[in-house]
Amino acid sequence: LMAATKKGEVAGSHSWYGGFFTYYFLNILHERMRVLDSPDPEWPLLLPVIADAAYQKSKEFKCAENICGQHMISKIEQ
């Protein structure tokens, strides 16, 4: 599993949170995994949901004059 943001998107961060998108992505991932309680989730279905939720949260912050929201791109190999 590999994930990144689209080229050219602005990343916002905070000294405590770190990167906003990464912070929300990991928190939402943790929540979903706990609810699913599955050792092998369906990543192709799960990742877009998590990425969209993280984008919605991270775009609430401003980086200078830009919105900090980032769109995740991912690659899953089995």
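Of all non-hydrogen atoms in Pro41 and Leu46, the two that sit nearest each other are CB-CD2, 3.9 Å.
Grouping the Ile, Leu, Val, Met, Phe, Trp and Tyr side chains by contacts below 4.5 angstrom, directly or via other members, places Val49 apart from Met33. Under a hydrophobic-cluster definition in which Ile, Leu, Val, Met, Phe, Trp and Tyr are linked whenever side-chain heavy atoms come within less than 4.5 Å, directly or via other members, Leu26 and Ile50 are assigned to the same cluster.
Although no hydrogens or angles enter the test, the distance criterion places no donor-acceptor pair under 3.5 Å between the side chain of Asp52 and the main chain of Pro48.
Residues Leu29 and Tyr24 are not in side-chain contact: their nearest non-hydrogen atoms beyond the backbone lie 4.5 Å or more apart.
Rounded to the nearest 0.5 angstrom, Arg32 CZ and Asn27 CG are separated by 12.5 Å.
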